[in-house]
Amino acid sequence: MLRHLSKAFKGKRGYHTFELGDFCMLRQVKSNKKVFVGPLEQSGERGVRGGIIRHDSIIGKKPRSVIREDNDQFGYMAHFPTLEEFVVNVPRACTPIYPKDASTIVQMLDLEPGHRVLEAGTGNGSLTLYMARAVAGGGDCVGTIDTFDIRESHSNTARKHVERYSRGKYKSNVSFHIGAVADKLPEIMVAEEQYDAIALDMPEPCDQIPRLLPYLRNDRFIVCYLPNMTQVLALAELIIDLPLVMEDCIEAEWKEWEVRATHIRSRLKLKEENGPETLSTTEVAASIPPDAWVCRPKNFDVRGHTAFLVKLRKSAAVL
């Protein structure tokens, strides 16, 4: 049975080797610190602690290979980046919707394979990728994203990120459009076509929602990304006269904790003095059990408040 399962999943959990154009997450073997590298180029290089890692030392290697920098001081294990690591580390045209919010929006929109989604405010393409992965599916159940941005530079950057992530795995699921969403939609929509979900990341969604509502299927959802409560209150006032119900208004917060072994300096110094003369402090620390553990929240503010996520359900009465 296990042998049968291994054959069934062979080749479906990732790519076998790194190729030109791929991105790589290098994790220092001793410290666990990560370095984002890419896109990989034949003559490219990345500065790291202790020296330089050349891209050609990664190209052709398998994931979990240990790559050493040119001075041979530190080893780095190579991994394909997760979606979270990719969207946080790629170059930015603007502040991205961070993974904590993007993954929450996917859940609030109740997305599944085959859904058709409208996004206004493409930005850096972070939410675009999260939603594309949720609706992608396969066979006859392939979902799509129509994403709009009024800034061509933002749209071009997002398009590049979608094309580069996981070798363009989701690029066929996403169509990019430039301009105000309510003005442009009539140009691409066929009569009576509707979306399964709408995601809005714009300063004044109240101006657009009444015009977008006909394009949303009844009993489905709009989620608005709103940085301040004044915008939430304006939205609450707007929907009084619309067939919309505010079902949720939440903040998504992640508290990341640092958990690692440590050594008390005075004890480490004593062990170093009594140990072999050829070992450095770092090597001594690595060769002995820890004296204690560090366990504390990390100071990383983007996992705190970024925006209010407001979920609206279209609730037009059925006669």
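Everything numeric here is computed off the predicted structure, so don't read it as measured data.
One distance of note links CG of D201 with OH of Y225; it measures 6.5 Å at 0.5 Å rounding. In this structure, H177 NE2 and L118 CG are separated by 8.5 Å, a value rounded to the nearest 0.5 Å. Considering SG of C24 and CD of E85, their distance stands at 10.0 Å, rounded to 0.5 Å. With rounding to the nearest 0.5 angstrom, the CD1 atom of I59 is 4.5 Å from the CD atom of Q42. With values rounded to the nearest 0.5 angstrom, D149 atom CG is found 12.0 Å from R159 atom CZ. We find the OG1-NZ distance between T157 and K160 to be 6.0 Å, quoted to the nearest 0.5 Å.
Between the side chains of T104 and Q107, no donor-acceptor pair of N or O atoms lies under 3.5 Å. Side-chain contact check for N124 and H154: no donor-acceptor pair (N or O, by modelled atom type) lies under 3.5 Å.
The hydrophobic clustering, which links ILVMFWY residues whose side-chain heavy atoms are closer than 4.5 Å, places M229 and V310 together. Under a hydrophobic clustering in which Ile, Leu, Val, Met, Phe, Trp and Tyr are joined whenever their side-chain heavy atoms come within less than 4.5 Å, directly or via other members, L185 and L242 fall into the same cluster. In the hydrophobic clustering of this structure, L235 groups with Y215; members are Ile, Leu, Val, Met, Phe, Trp, Tyr whose side-chain heavy atoms approach within less than 4.5 Å, directly or through other members. Taken together through direct or relayed side-chain contacts under 4.5 Å among Ile, Leu, Val, Met, Phe, Trp and Tyr, L200 and I178 form parts of separate hydrophobic clusters. Hydrophobic clustering, with ILVMFWY side chains joined whenever heavy atoms are under 4.5 angstrom apart, groups L233 together with L312.
A salt bridge does not link E69 with R46: none of the charged nitrogens is closer than 4.0 Å to a carboxylate oxygen.
For the pair R220 (side chain) and L109 (backbone), a donor-acceptor distance under 3.5 Å is present. Using modelled atom types, no side-chain atom of E251 and backbone atom of F308 make a donor-acceptor pair closer than 3.5 Å. Using a distance-only test at 3.5 Å, with no hydrogens or angles considered, no donor-acceptor pair links the side chain of Q208 to the main chain of P205. Between the side chain of R133 and the backbone N or O of L83 there is no donor-acceptor pair closer than 3.5 Å. Panel note: side chain D101, backbone I97; no donor-acceptor pair is recorded below 3.5 Å. In this structure, S166 contributes its side chain and K169 its backbone to no donor-acceptor pair below 3.5 Å. Although no hydrogens or angles enter the test, the distance criterion places no donor-acceptor pair under 3.5 Å between the side chain of T144 and the main chain of N173. A donor-acceptor pair under 3.5 Å is absent between the side-chain atoms of K314 and the main chain of R217, judged by distance alone. No donor-acceptor pair closer than 3.5 Å links the side chain of S65 to the backbone N or O of K61. Side chain of K184 to backbone of G179: no donor-acceptor contact under 3.5 angstrom is found.
Nearest heavy atom pair, residue M108 against residue V223, reads CB-CG2, 3.8 Å. The shortest non-hydrogen separation linking E119 to T147 is OE1-OG1, 2.8 Å. Here the closest non-hydrogen pair linking S103 and W254 is OG-CZ2, 4.0 Å. The nearest pair of heavy atoms linking L40 to V37 is CD2-CG1, 3.9 Å. Nearest approach of M202 to L226, heavy atoms of both residues: O-CD2, 4.3 Å. In terms of heavy-atom proximity, P99 sits nearest to E84 at CG-CG, 3.4 Å.
When the ring pair (Phe, Tyr, Trp, His ring centres under 6.0 Å) test is applied to F86, the partners found at least two apart in sequence or on another chain are F23, Y165. Evaluation of the salt bridge (Lys or Arg N to Asp or Glu O under 4.0 Å) rule for E163 yields no partner, not counting sequence neighbours. Among residues two or more places apart in sequence or in another chain, the ring pair (Phe, Tyr, Trp, His ring centres under 6.0 Å) test is passed with F18 by F80.
Between L238 and C206, the closest side-chain pair of non-hydrogen atoms falls below 4.5 Å. Residues P243 and L213 are in side-chain contact: their nearest non-hydrogen atoms beyond the backbone lie under 4.5 Å apart. Between Y170 and L129, some side-chain heavy-atom pair lies under the 4.5 Å cut-off. F176 has its side chain out of reach of N156: every pair of non-hydrogen atoms, C-beta onward, lies at least 4.5 Å apart. Under the 4.5 Å side-chain criterion, counting only non-hydrogen atoms from C-beta, E41 is not in contact with D56. Taking the side chain as every heavy atom from C-beta outward, K33 and R27 never approach each other to under 4.5 Å. Between D146 and V117 there is no side-chain heavy-atom pair separated by less than 4.5 Å. Annotation: side chain of R116 is not in contact with side chain of I145 (no heavy-atom distance under 4.5 Å).
Just one residue in the list R164, R167, H55 forms a side-chain hydrogen bond (donor to acceptor under 3.5 Å, both in side chains) with D22, and that residue is R167. Test I222, D248, D110, V245 against K311 for side chain to side chain contact (heavy atoms under 4.5 Å, CB included) and you get one pass: D248.
The environment of CD in E152 is sparse: at most 12 heavy-atom neighbours from other residues, nucleotides or ligands sit within 6.0 Å. With a 6.0 Å radius and a threshold of 12 heavy atoms from other residues, nucleotides or ligands, Q194 has its CD atom above the threshold.
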Derivation of the side-chain contact (heavy atoms from CB on, under 4.5 Å) call for I209 and C224: CA-CA 10 Å; I209 287 176; C224 300; 4.1 Å; yes
Evaluation steps, side-chain contact (heavy atoms from CB on, under 4.5 Å), between S315 and D219: CA-CA 5 Å; S315 53; D219 208 35; 6.0 Å; no
Stepwise side-chain contact (heavy atoms from CB on, under 4.5 Å) test for M25 and V35: CA-CA 6 Å; M25 184 61 75; V35 180; 5.9 Å; no
Pair Q28-S31, side chain to side chain donor-acceptor pair (under 3.5 Å): steps then yes or no: CA-CA 6 Å; Q28 194 182 104; S31 69; 2.9 Å; yes
Candidate pair Y195 and L212, rule side-chain contact (heavy atoms from CB on, under 4.5 Å), full reasoning: CA-CA 10 Å; Y195 291 98; L212 297 179; over 6 Å; no
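The cationic atom of R313 (NZ for Lys, CZ for Arg) does not lie both less than 6.0 Å from the six-membered ring centre of F221 and within 45° of the ring axis.
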